[in-house]
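Every number for a ligand or one of its atoms is a count from 1 in the order of the listing.
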Amino acid sequence: MRPTGAALTAGVIGQPIAHSLSPLMMSAWIEAAGINAVYTPYIATPHMFAPVVSALFRAGLKGLNVTLPHKTDALMIANRISDAADKIGAANLLTSVDGEIHADNTDAYGFISSLRKAGVEPAGRSVLVLGAGGASRAVTYGLLDAGASDVAIANRSLDKAREIARDLAPNSEILSWDDRSRLLGEVDIVVNATSLGLKGQIPLEMDWSQAGENLVAVDTVYTPLETRFLADARARGLLGIDGLGMLIEQGKPSFQAFFGCAAPEQADIRLLLVQALESHE
Ligand code: NDP
């Protein structure tokens, strides 16, 4: 249906924002759900983030997805912070509730849900997480919350990996970057949560020779969809899961929070996003 003056409004805020797939995804869900709603992109510098959010919420916006570089600042302006956002140290969802701002993080949920949609249950599994930035924090939190038996972290900067272990996973093994392939024969799942492999970045190279035949390789990167990390894993016959599922799944709880109904299980949402990614290439 076409929006009227009574439309529910929500959006995504970041800088840059033009590349964001969220408006396309949310608008497709709005259309499929047949609700009177609008989802809009907003750009804001770090300096303008708090006043823009405040003005939008005072103008009636139900909520905002938050992307780079504001995910940490989103916690600072919230009146209430969910356990996930607090532990991860970042929020990607702000909602306006009775004049208060509530902060949540749906990236961890999105990651776990994308694994389950691909038929991989993380409970009881041992996992190697590569990277120690924001994505790694969400992935590590999600894995332990979902019952992963243990999480090892490999990162270029060891102090950042130790920080995650201290905050989220006290018993985890920390590996140096050069040692990142050492556990491939022991773990059930390996996750690329670095920015390596992202368009314009160098690829992530692993020594797959020790990998067990049931190892699952998961990439959080989705531009491109087929990273070198995934291509190499698949070439060895391993199951590879790209980062687009995480993006789609993290959007679902946001849609529910903004518009009060579930995102329709629309089969062609992935296809729509793949086409958008291809048209940006
Ligand atoms: P950060 O900048 O916070 O972290 C980047 C990570 O990559 C760090 O661990 C960094 O190591 C590592 N890294 C960068 N360059 C190199 C290099 N040359 N060699 C080794 N390690 C390197 O980014 P985020 O954690 O926020 O995002 C990481 C990726 O996650 C993004 O590129 C994005 O594609 C993906 N992502 C996907 C989502 C989805 O929905 N699918 C959601 C959020 C993120 P160091 O600490 O040493 O600097």
Side-chain angles (χ1 to χ4, degrees), residues 12 14-16 19-22 24-26 65-75 84-85 88-93 104-115 117-118 128-143 151-165 167-168 172 174-181 190-206 217-230 240-255 269-270 273-274 276-277 280:
V12 57
Q15 186 196 37
H19 68 289
S20 173
L21 292 174
S22 294
L24 183 64
M25 180 168 77
M26 291 287 180
N65 287 122
V66 181
T67 186
L68 297 177
H70 306 308
K71 286 187 176 189
T72 312
D73 287 346
L75 291 182
I88 293 166
N92 70 333
L93 171 62
D104 201 352
N105 189 307
T106 68
D107 280 335
Y109 166 85
F111 176 74
I112 297 302
S113 184
S114 74
L115 288 190
K117 292 259 166 185
L128 169 62
V129 177
L130 307 165
S136 170
R137 291 185 75 92
V139 163
T140 302
Y141 173 86
L143 285 165
V151 174
I153 304 166
N155 195 49
R156 182 179 57 178
S157 314
L158 277 177
D159 53 336
K160 281 173 67 183
R162 289 195 190 105
E163 221 173 278
I164 298 191
D167 295 348
L168 301 173
S172 62
I174 304 297
L175 283 81
S176 72
W177 190 241
D178 287 346
D179 214 15
R180 64 188 178 279
S181 300
V190 56
V191 184
N192 174 29
T194 73
S195 47
L196 291 178
L198 201 61
K199 203 159 99 182
Q201 293 258 18
I202 57 171
L204 171 53
E205 295 187 42
M206 303 292 292
V218 189
D219 211 326
T220 61
V221 170
Y222 56 85
T223 45
L225 276 180
E226 174 96 337
T227 56
R228 168 82 172 273
F229 172 78
L230 284 185
I241 301 173
D242 65 50
L244 197 54
M246 177 178 175
L247 179 79
I248 295 169
E249 294 303 312
Q250 63 79 33
K252 291 180 179 174
S254 300
F255 187 91
I269 196 78
R270 184 181 163 91
L273 298 183
V274 170
L277 288 172
H280 289 164

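- A donor-acceptor contact shorter than 3.5 Å is absent between the side chain of Asp107 and the backbone of Ala138.
- Checking side-chain atoms of Asn92 against main-chain N and O of Thr106 turns up a donor-acceptor pair under 3.5 Å.
- Between the side chains of Asp178 and Ser176, not a single donor N or O lies within less than 3.5 Å of an accepting N or O.
- Taking 4.0 Å as the cut-off between side-chain N and carboxylate O, Arg137 and Asp167 count as a salt-bridged pair.
- For ligand 1, residues of the protein lying within 4.0 angstrom by heavy-atom distance are Gly131, Ala132, Gly133, Gly134, Ala135, Asn155, Arg156, Ser157, Lys160, Trp177, Ala193, Thr194, Ser195, Leu196, Leu198, Thr220, Val221, Tyr222, Gly243, Met246, Leu247.
- For Ser113 (side chain) and Glu249 (main-chain N/O), no donor-acceptor pair under 3.5 Å exists by modelled atom type.
- Residues Thr227 and Asp219 bring a donor and an acceptor atom of their side chains to less than 3.5 Å of each other.
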